[in-house]
K.L.:
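There's a structure below that I have some questions on.
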Number of protein chains: 2
Amino acid sequence: MANIHDIAKLAGVSVTTVSRVLNNHKYVSDDKRTKVLTIINELNYAPNQSAIDLTRGETRMIGLIIPYNNNACFDQLLNGVLNKAVEMDYTVIVLPTQYNKEKEIEYLSKLKNKQLDGMIITSRANDWDAIIPYSDYGLIVSYDYTSHPAIGCSYIDRYSSYLDAFQLLKDKGHTHVAFTTARETESMSTQHLITAYKEVFGTFIPEYYLTGCSCLDDGVAAAKKLLHLPNRPTAIFANGDEVAGGIQLYAKSINLETPRDLAIIGQENQPIGVGLGITTVDHQLTKVGEQACELIIHKSNQKVKVPYQIIQRTSV
Amino acid sequence: MANIHDIAKLAGVSVTTVSRVLNNHKYVSDDKRTKVLTIINELNYAPNQSAIDLTRGETRMIGLIIPYNNNACFDQLLNGVLNKAVEMDYTVIVLPTQYNKEKEIEYLSKLKNKQLDGMIITSRANDWDAIIPYSDYGLIVSYDYTSHPAIGCSYIDRYSSYLDAFQLLKDKGHTHVAFTTARETESMSTQHLITAYKEVFGTFIPEYYLTGCSCLDDGVAAAKKLLHLPNRPTAIFANGDEVAGGIQLYAKSINLETPRDLAIIGQENQPIGVGLGITTVDHQLTKVGEQACELIIHKSNQKVKVPYQIIQRTSV
DNA sequence: GTAAAATATGAAATGGGTTTCAGGTCAAGA
DNA sequence: TCTTGACCTGAAACCCATTTCATATTTTAC
């Protein structure tokens, strides 16, 4: 394929002029501009993006680190990121880590390699200590709140949202409240959850805390355990509407009616929750994604809190 | 930041040798290799990916053209594409068009600009005539079947799957069968649907065909129309389990029991369908995505048919 | 009428790698 | 001893654009 020099030669101008035409600079005479465009058309020329990126030193590409690519939460986040990116003429690459530390570092290296202008981390495998150094090479925006000044944050006040969810259950008279999470870790999110739980209910009963839940089937399995406990919970706070849906379906199958016999609160306002009438804490992940993308594009390391809302339906 | 020349100078070798070290070529003596690696470490050097892409003439990046980024079907497709891409060390960029023709051409131009090695088109706004020329610059794989030899296909035999779905309803004694679609177009998919319908039921009643459905709420709205028709359908074939779920929920609200009063078949085996017990035609979109990605990576323009399956639950 | 500003153009430096080709050393096999 | 092949190395060409700087010509402003 032709390159800019070929065009220049055939049009009888310098490469500088061709470059100017390509970039719509003013200060190119009409006749030369026309001539160059004609040749470009004739040769079916298109500039090489790698060369452009090389000289410009930027790629207008944003990486999105996610743990798994088949997770409804991250779909919402991606959705938000894409909304903003397309609008601002950026491109998004999706980087699923499976919580593999080396993989995550490999992806972060794309900043250092100048393949990406910025990176959004939705969930991380490495400690911040291992991640921070990469912020020298491009803005990193996190979905976890972190106080480190180099890192931008588009985050949710989870402690507060969990507090609200538990309080809602307490107000309805529930004292035996179980909850589920996805990862079996000491993530901040889980810590907030436990702290909020203790804040509202005082004591924390280990059997009421189930982990490793992320889909409907996990919800069914969780319910199977929780609802046959000698001291069975009367309410469950699930980490997603699909899990909540699974819980509700299993409950129904053993003749426990919602909310009469079992109150359920889900999270993220997913489609299944609408269908099953599940009350949910909507953390507005699409907005979180949009905000994160905006921070990257404006090269801002601000900490932006995105408001959540509780959507009351019929499961509480 | 340092470049390969700086490394070469400080290590006392040529850039060729540094390049060899970076690419793990053999034929570099141990002492030079060690020396080079030491300097690379000291200077915290990382090669510039744009420069590499420029010389290599490839980027190991694959584009995925989708209409909207908030659609469950495309999430499944993306999931599959990512599975394969990560495995083969490729990167995926997501390109939502909103069915805008210019946008789509802009994305296809990324092949010509050598920004992408290949492109997967899940749904297109332009005619093939406008798309084909871009296959000169990188393999295009389509999710629609097309006979054009340049285009690879990872497709579903929709005509056959629709036939099966309608036949299932007919076998259960249904003669008044409605159906929904997403886009109001003459897409191949819709044509197959209508042809299959006529094949099974003979006559085609326009009021039984509703378009513009893609989420649960659309399903509710569709049901609201269909179920109050003077000659109301006894079965509905929806274009997705969320739409099907919406239909079922509305039906229930007006005291129509499934499957007694209304049979429903959904598509794509989405989470909500599990919850509501909706019989579904699973087109295995994740596999379709994986297969599409594989074709791109192997630069194969084969036409691969991915098998579908009907998952019977309780809505028929 | 003249100085300043706007317009127009190109040579050459720059960004940072890969790869071909040519040339060398050294050890194993005939 | 000589040939052959494996091993090692670097100069220079190549990939393809952007941008600075220098220069020249017109306009405009006073």
Side-chain angles (χ1 to χ4, degrees), chain A residues 1-40 43-61 109-117 137-138, chain B residues 1-40 43-61 109-117 137-138:
Chain A
M1 193 151 92
N3 65 28
I4 200 172
H5 291 93
D6 301 331
I7 304 297
K9 200 170 294 173
L10 288 173
V13 299
S14 70
V15 291
T16 313
T17 299
V18 179
S19 177
R20 289 203 182 93
V21 172
L22 290 170
N23 293 286
N24 283 315
H25 275 294
K26 49 183 186 177
Y27 299 164
V28 178
S29 64
D30 283 348
D31 54 335
K32 299 213 172 178
R33 170 165 274 133
T34 310
K35 179 72 184 166
V36 167
L37 288 173
T38 308
I39 303 288
I40 284 177
L43 295 201
N44 195 19
Y45 165 81
N48 182 308
Q49 193 61 45
S50 300
I52 294 173
D53 291 344
L54 175 59
T55 55
R56 288 220 218 276
E58 60 163 44
T59 58
R60 296 184 81 83
M61 295 217 313
S109 301
K110 288 175 186 286
L111 289 171
K112 198 172 172 183
N113 293 324
K114 295 197 144 290
Q115 194 179 159
L116 297 176
D117 289 353
Y137 310 107
Chain B
M1 193 151 93
N3 64 29
I4 200 172
H5 292 93
D6 301 331
I7 305 297
K9 200 171 294 174
L10 288 173
V13 299
S14 70
V15 291
T16 313
T17 298
V18 178
S19 176
R20 288 201 182 94
V21 171
L22 289 170
N23 293 287
N24 283 315
H25 276 295
K26 47 184 188 177
Y27 298 162
V28 178
S29 64
D30 282 349
D31 55 336
K32 299 212 171 179
R33 169 165 273 131
T34 310
K35 180 71 183 164
V36 167
L37 289 174
T38 308
I39 303 288
I40 284 177
L43 295 202
N44 195 21
Y45 165 80
N48 181 309
Q49 193 60 45
S50 300
I52 295 173
D53 291 344
L54 176 59
T55 55
R56 288 220 220 274
E58 60 162 46
T59 58
R60 297 185 80 85
M61 296 217 312
S109 302
K110 288 175 185 287
L111 289 171
K112 198 172 170 182
N113 293 325
K114 295 197 142 292
Q115 194 178 159
L116 297 176
D117 289 354
Y137 310 106

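Per chain, numbering begins at 1; letters A, B, ... match sequence-line order.
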K.L.:
About how many Å separate OG1 of A:T59 and CG of A:D117, when rounded to the nearest 0.5 Å?
P.N.:
4.0 Å
K.L.:
B:Y45 OH to C:dG15 C1': how many Å, rounded?
P.N.:
12 Å
K.L.:
Can you see if the side chain of B:T55 gets near the phosphate of C:dT18 - specifically, an N or O under 4.0 Å from OP1 or OP2?
P.N.:
no
K.L.:
Return the value, rounded to whole Å, for the distance between atom NZ of A:K112 and atom P of C:dG17.
P.N.:
12 Å
K.L.:
Which nucleotide in the list D:dA17, C:dA11, C:dT18 gets nearest to the side chain of A:T16?
P.N.:
C:dA11
K.L.:
Rounded to whole angstrom units, what separation is found between the CG atom of B:L54 and the C1' atom of C:dT18?
P.N.:
10 Å
K.L.:
Verify the contact: side-chain N or O of B:T17 to OP1 or OP2 of D:dG10, cut-off strictly under 4.0 Å; return yes or no.
P.N.:
yes
K.L.:
How is B:I52 classified with respect to the nucleic acid when contacts are heavy atoms under 4.0 Å: base, sugar-phosphate, or nothing?
P.N.:
sugar-phosphate
K.L.:
Is A:K32 close enough to C:dT9 that one of its side-chain N or O atoms is under 4.0 Å from OP1 or OP2 there?
P.N.:
yes
K.L.:
Does A:N3 reach the main-chain N or O of A:H5 with its side chain, forming a donor-acceptor pair under 3.5 Å?
P.N.:
yes
K.L.:
Using a heavy-atom cut-off of under 4.0 Å over every strand shown, decide if B:A46 touches base, sugar-phosphate, or nothing.
P.N.:
sugar-phosphate
K.L.:
Is B:N48 close enough to C:dG16 that one of its side-chain N or O atoms is under 4.0 Å from OP1 or OP2 there?
P.N.:
no
K.L.:
Nearest whole Å is fine: how far is D:dT20 P from A:R20 CZ?
P.N.:
11 Å
K.L.:
Can you check whether B:Y27 has a side-chain N or O nearer than 4.0 Å to OP1 or OP2 of D:dC7?
P.N.:
yes
K.L.:
How is A:V18 classified with respect to the nucleic acid when contacts are heavy atoms under 4.0 Å: base, sugar-phosphate, or nothing?
P.N.:
nothing
K.L.:
At under 4.0 Å, does any side-chain N or O of A:S29 touch on OP1 or OP2 of C:dT9?
P.N.:
yes
K.L.:
Rounded to the nearest Å, what distance is computed from the NE2 atom of residue B:H5 to the C1' atom of nucleotide D:dA11?
P.N.:
11 Å
K.L.:
Might you confirm whether atom CG of A:D31 has over 12 heavy atoms from other residues, nucleotides or ligands at distances under 6.0 Å?
P.N.:
yes
K.L.:
Please classify the nucleic acid contact of B:D53 as base, sugar-phosphate, or nothing, using heavy-atom distances under 4.0 Å.
P.N.:
nothing
K.L.:
For a quick test of reading the model: is some side-chain N or O of B:N3 closer than 4.0 Å to OP1 or OP2 of C:dG15?
P.N.:
no
K.L.:
Checking all strands, does A:V13 fall into the base, sugar-phosphate, or nothing category for heavy-atom contacts under 4.0 angstrom?
P.N.:
sugar-phosphate
K.L.:
Taking only N and O in the side chain of B:S19, is any of them less than 4.0 Å away from OP1 or OP2 of C:dT18?
P.N.:
yes
K.L.:
Ignoring hydrogens, what is the shortest heavy-atom contact between B:K114 and A:S50? Give both atom names and the distance.
P.N.:
O-OG, 4.0 Å
